[in-house]
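One structure below.
When reading the values below, keep in mind they use all heavy atoms of this one structure, side chains included, and skip hydrogens, waters and symmetry mates. Chain A is the first sequence line, chain B the second, and so forth, proteins listed ahead of strands; every chain is numbered from 1.
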Amino acid sequence: MEYPFGSIERKWQQVWREKRIFNAPQQSDKPKYYVLSMFPYPSGVLHIGHASNYSIGDAVTRLKLMEGRSVMQPMGYDSFGMPAENYAILHNSHPRLTTEENIAAMRKQFDGMGFGLDWDREVSTCRPDYYRWGQYLFKKLYEKGLVYRKKSFQNWCEECQTVLANEQVEEGTCWRCHSAVEQKDLEQWYFKITDYAEELLDFSKVIDWPERVMTMQKNWIGKSAGAKIDFTLQDSETKIPIFTTRPDTIYGVTFMALPPEHPLVQGWLANDPDNAAMHDFCHKVINADKMLRSSADTIKEGIFSGRYCINPLNGAKVQIWITNYVLMDYGTGAVMAVPAHDQRDFDFAKKYNIPMKLVIQNLDTSLNLNTMSEAYTEAGIMANSAQFDGRDSETAKADITAWAAENGWGEQTHTYRLRDWGISRQRYWGNPIPVIHCPKCGVVLVPDADLPVQLPDNVQVGRTTSNPLLSVPEWLNVSCPKCGTAARRETDTMDTFVDSSWYYARYADPKNTDQPFAPELAKHWLPVDQYIGGIEHAVMHLMYARFIYKFMRDLGWVDSDEPFARLLTQGMVTKDGAKMSKSKGNTVDPQYIIDRFGADTLRVFLMFASPPEKDVEWSDDGVMGSFRFLNRVWRLIDSHKDIIRKGLATGNPQKEISAEIAELRYEAHHAIFRWHEDCLSRMQYNTAIASTMELLNAIIRIKMPQTLNAAELAIYAFACAALPKMLYPFAPHIAEELWQDLGNTILLHDSGLPEYNKQYLCRDSITYVVQINGKIRGKLEVSADIDPEALKAQALELENVQRSLDGFSIKKIIVVAGKMVSIAAGK
RNA sequence: GCGAAAGUGGCGGAAUUGGCAAACGCGCUGGACUUAGGAUCCAGUGAGGUUAAACUCUUAGGGGUUCGAGUCCCCUCUUUCGCACCA
């Protein structure tokens, strides 16, 4: 007989909904806790990954409620973007319709899993009441000088017909469709995330983030310290600033390397249309595959520009080369090349017979340009460097920079790998950028009163080679809000990562029609106490959100520095060791499991199979194990509920208890203690469930509970009553039902945590292990308060210990309290 | 190449501060029961060894520290992830 999971789950889901126990109050006297899980795209189908992600969040939510906190666990949908547009195309419909249908379908499935979500706070990014405030945020960023427009070469996905941010290019392919990314010269909108680069490097204000994610962001931001030095174009006043992390090698510069995109090069090209070789080379490099060009394996190529520049430190005249290995958008876009001490410059100089100059010597002065087969890139003793000769190169760096600065040739500086965030997308299904282009006034922001700029509905969604918004003249053509002249709307929409950069704040005040959210509500709920999501957002969403949050802080909308205090990057659900995917055909439908074994079984399996941050390997047999476990709990309590109720009602009678029950008491308190550690200190739910199973096994070992005396029955009932509480975060429906079976009227979330008594965490008698030189030679059952000397004596008397010590002399005896006696012996 | 994390039975995984390796679950073996079930209950289950013990070996491999190492240190290998001409 199976327990009636279906009816139980429906019953409690309805009770929770009616009693609104998961609808968080706006304000509360209780300490708040804000639990947030991944912001889903409403695919219409709940995947096993969703089930796993939200099972963790729901466990946290219910634990924090049991702890007595005021908990908010909201849910919403990241519903703009390519997938929604593609879905609509596929179903020959409009994304506005299909998105709402999918949202309704998903909400039902979330409820079917029994997640305690606050549906009063639901947001969807594609609804005007939400995206209105995204546009408002854009305007605020613009007003603060953090938005600009720039024409430059962009990552372009032909498949998606849109540009991509650097973070969204994976191995040269689009992060969405994985088709090749090309370069296209386009005018685009940017958010100046680099203004916050320094602060984004600082993780001191987060409480608990995985080291891995912080490292990935730090590497992505990629700060390097060095010097900016101005070289000068020969016979000219024109400066060519370079950035270097090795100012100690500056006397070794033998050429200057520029990319074809460099403005100086572009100027030479424009003034010299007949130089076919230079034009050809630049054209070839600019249009080369960006991935290939930026790969270390690509063969270095270049062409001599015919120009020279002057090294300000020693007046040396050096050749200027146009090359394929220098990037325009890093540092100053110009490199002082030191072939003797940089491998890239070395390779290039060898190929084109450019002279080299040795300026760093190793400690045994064995370096010789004629015999070097590679650059010497380490620190050493400076040589051929005028007044710096003989100095240690590492410590001389600062002095060289200082000397250059004194003479006005440069300065100490640093640079970042991070680029500004390109947010323009040439797609229909996104948040319109609230800008009007006026032939007289230029870029004009749409006035607040006219927000939101609504997406027109009458658009043919489909594969088009241009932005569909261009095809709606009545939307496109407007008069300038400033001067009234006929003007045109911006047709770019915002990257959906803009929408997801602030949604967690909107949850604090989701229905506000006057502002994005009331600052006092945001200040109450934020930061998010626990965020649960996938590692794939490490340098995208999680960095963008930190940037926008810091901006909102600077506006005074929020009053903390980090949006997500604790971050858990949860693992994937795999099958046969591989990520589940439709193409591999190894997916599992959560609904199938729910229908047969119940949502509780699925949730217990997902939480038990591995710790939350690790991948979960799907196992049909494992699901059966969880199902059997819940059935055993059900049978135990259901068939003994009368005596358990009786035992719970007896108070604490003073009677002798059997050794068997004393052991059960120890097991129960110990299991609850470990559950506390695992659930509240460590977030290791797999072992919390294991402890619950152990307690169940310990209770089942008591065969005839009806024969227990009053004191024993009280202990038995205590142990049984702990089970629903311990199960509640993972299997809330069956837990709530069993809790009620035991005569409780208050729901579990309001009934407090299961409690243990420290007094019962140790046994009266303890088994000591006796080791000789680390090998177990015997065991001793002794009273817990035994005197160490007596213990040593007893240990030495053990027959097996005696035998093992034969022919040895004892050097030392170590007693580890409560654990072991360790004897060090030697010949 | 650089950086990070990891490597434990047939499988998923436990092991708090260096203190009985393999908890818990799955699977498997044998048995009981019969309402024949995706049931339940009992016993067993790292490898070798033994009637049973004793004993030996075992946390990727090798070395070290220690009375004692999955855990700390050094070297090597493997896997996964991130970055990768960043001057």
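Comparing B:U58 with B:G46, their C1' atoms sit 8 Å apart, to the nearest whole Å. Nucleotides B:A43 and B:C33 are separated by 15 Å at their C1' atoms, to the nearest Å. Comparing B:A23 with B:A14, their C1' atoms sit 5 Å apart, to the nearest whole Å. To the nearest whole angstrom, the two P atoms, one in B:G49 and one in B:A54, are 15 Å apart. For the C1' atom pair drawn from B:A5 and B:C86, the interatomic distance equals 25 Å after rounding to whole Å. The same atom, P, is picked in B:C67 and in B:G61; the two are 25 Å apart, to the nearest Å. Distance check on atom P: B:G62 versus B:U71 gives 13 Å, rounded to whole Å. If you take atom C1' in B:C83 and the same atom in B:C20, they sit 44 Å apart, rounded to whole Å.
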Identify all pairs in which a protein N or O lies below 3.5 Å from an N or O of nucleotides 24-31 of chain B, and state each distance.
| residue | atom | partner | partner atom | Å |
| --- | --- | --- | --- | --- |
| B:G25 | OP1 | A:N697 | ND2 | 3.2 |
| B:C26 | OP1 | A:R628 | NE | 3.4 |
| B:C26 | OP1 | A:R628 | NH2 | 2.9 |
| B:G27 | OP2 | A:R628 | NH2 | 3.2 |

Identify the pairs formed between an N or O of the protein and an N or O of nucleotides 44-49 of chain B at a distance under 3.5 Å, and give each distance.
none

Dump every N/O contact between nucleotides 82-85 of chain B and the protein below 3.5 Å, one line per pair.
| residue | atom | partner | partner atom | Å |
| --- | --- | --- | --- | --- |
| B:C83 | O3' | A:R417 | NH1 | 2.9 |
| B:A84 | OP1 | A:R417 | NH1 | 2.5 |
| B:C85 | OP1 | A:S294 | O | 2.0 |
| B:C85 | OP2 | A:S294 | O | 2.7 |
| B:C85 | OP2 | A:A296 | N | 3.3 |
| B:C85 | O5' | A:S294 | O | 3.3 |
| B:C85 | O3' | A:R344 | NH1 | 2.6 |
| B:C85 | O2' | A:Y325 | O | 3.4 |
| B:C85 | O2 | A:K300 | NZ | 2.5 |
| B:C85 | N3 | A:K300 | NZ | 3.1 |
| B:C85 | N4 | A:R293 | O | 3.3 |

Listed pairs, N/O of protein and of nucleotides 59-62 of chain B, under 3.5 Å:
none

Please assess A:D342 against A:Y376 for the test side-chain hydrogen bond (donor to acceptor under 3.5 Å, both in side chains), listing each intermediate value before the final yes or no.
-> CA-CA 7 Å; A:D342 182 285; A:Y376 179 75; over 6 Å; no
Working for side-chain hydrogen bond (donor to acceptor under 3.5 Å, both in side chains), residues A:Q570 and A:S52 = CA-CA 9 Å; A:Q570 140 256 14; A:S52 150; 3.3 Å; yes
Evaluation steps, side-chain contact (heavy atoms from CB on, under 4.5 Å), between A:M607 and A:N686 = CA-CA 6 Å; A:M607 302 300 274; A:N686 55 331; over 6 Å; no
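Under the 3.5 Å distance criterion, the side-chain polar atoms of A:D347 are left unmatched by any main-chain donor or acceptor of A:E374. Using modelled atom types, no side-chain atom of A:N311 and backbone atom of A:A316 make a donor-acceptor pair closer than 3.5 Å.
Atoms CE (A:M214) and P (B:G3) sit 19 Å apart, rounded to a whole Å. The distance between atom CD of A:Q684 and atom C1' of B:A15, rounded to the nearest whole Å, is 10 Å. One can place CD of A:E211 at 11 Å from P of B:A6, the figure rounded to the nearest angstrom. Separating the NZ atom of A:K218 from the C1' atom of B:C86 is a distance of 19 Å, rounded to the nearest angstrom. Look at CG on A:L258: it is 17 Å from P on B:A87, rounded to the nearest Å. Atom OH of A:Y685 is separated from atom P of B:G13 by 18 Å (rounded to the nearest Å). Taking atom CD of A:Q217 as the reference point, atom C1' of B:G3 lies 16 Å away to the nearest angstrom.
The aromatic ring centres of A:F255 and A:F348 sit less than 6.0 Å apart. Aromatic pair A:F605/A:W618: ring centres closer than 6.0 Å. A distance of 6.0 Å or more separates the ring centres of A:Y756 and A:H669.
Pairs engaging residues 209-229 of chain A under the salt bridge (Lys or Arg N to Asp or Glu O under 4.0 Å) rule: A:E198-A:K223, A:K228-A:D230 [sequence neighbours left out]. For residues 669-691 of chain A, every residue pair satisfying the salt bridge (Lys or Arg N to Asp or Glu O under 4.0 Å) rule, not counting sequence neighbours, is listed here: A:R674-A:E694, A:D678-A:R682.
With sequence neighbours excluded, the residues that form a salt bridge (charged side-chain N to carboxylate O under 4.0 Å, His left out) with A:E663 are A:R763. Shown here are the salt bridge (charged side-chain N to carboxylate O under 4.0 Å, His left out) partners of A:R417, two or more places apart in sequence or in another chain: there are none. For A:K300, there are no salt bridge (charged side-chain N to carboxylate O under 4.0 Å, His left out) partners at least two apart in sequence or on another chain. Evaluation of the salt bridge (charged side-chain N to carboxylate O under 4.0 Å, His left out) rule for A:E660 yields no partner, not counting sequence neighbours.
Regarding contacts with the backbone of B:C42, a side-chain N or O of A:K703 is found under 4.0 angstrom from either OP1 or OP2. Contact between the side-chain N/O atoms of A:K614 and the OP1/OP2 oxygens of B:C81 is not found at any separation under 4.0 Å. Between A:N800 and the phosphate of B:C55, there is a side-chain N or O to OP1/OP2 separation shorter than 4.0 Å. In this model, the phosphate group of B:U40 is not approached by any side-chain N or O of A:N631 to a distance below 4.0 Å at OP1 or OP2.
Between A:D420 and A:T194, the side chains place a donor N or O and an acceptor N or O closer than 3.5 Å (distance only, hydrogens not considered). Residues A:R628 and A:N631 have side chains that never bring a donor and an acceptor to within less than 3.5 angstrom of each other. A donor-acceptor pair shorter than 3.5 Å cannot be found between the side chains of A:Y685 and A:S610.
The distance from atom CG of A:D248 to atom NZ of A:K397, rounded to the nearest 0.5 Å, is 5.0 Å.
Taking the ring centre of A:F346 as origin, the terminal cationic atom of A:R344 falls outside the region bounded by 6.0 Å and 45° from the ring axis. A cation-pi arrangement is present between A:R546 and A:F203 under the rule of less than 6.0 angstrom and at most 45 degrees off the ring axis.
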What one-letter contact string describes nucleotides 16-22 of chain B from 5' to 3', where B marks a base within less than 4.0 Å of any protein heavy atom, S marks contact via sugar-phosphate atoms alone, and - marks no contact?
-> B--BBS-
So what's the dot-bracket for RNA chain B: Watson-Crick or G-U pairs under 3.5 Å, [ ] if a pair crosses, | if it pairs off-strand?
-> (((((((..(((......[....)))((((((.......))))))(((......)))..(((((..]....))))))))))))....
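Annotated as anti: B:G63, whose O4'-C1'-N torsion sits more than 90° from 0.
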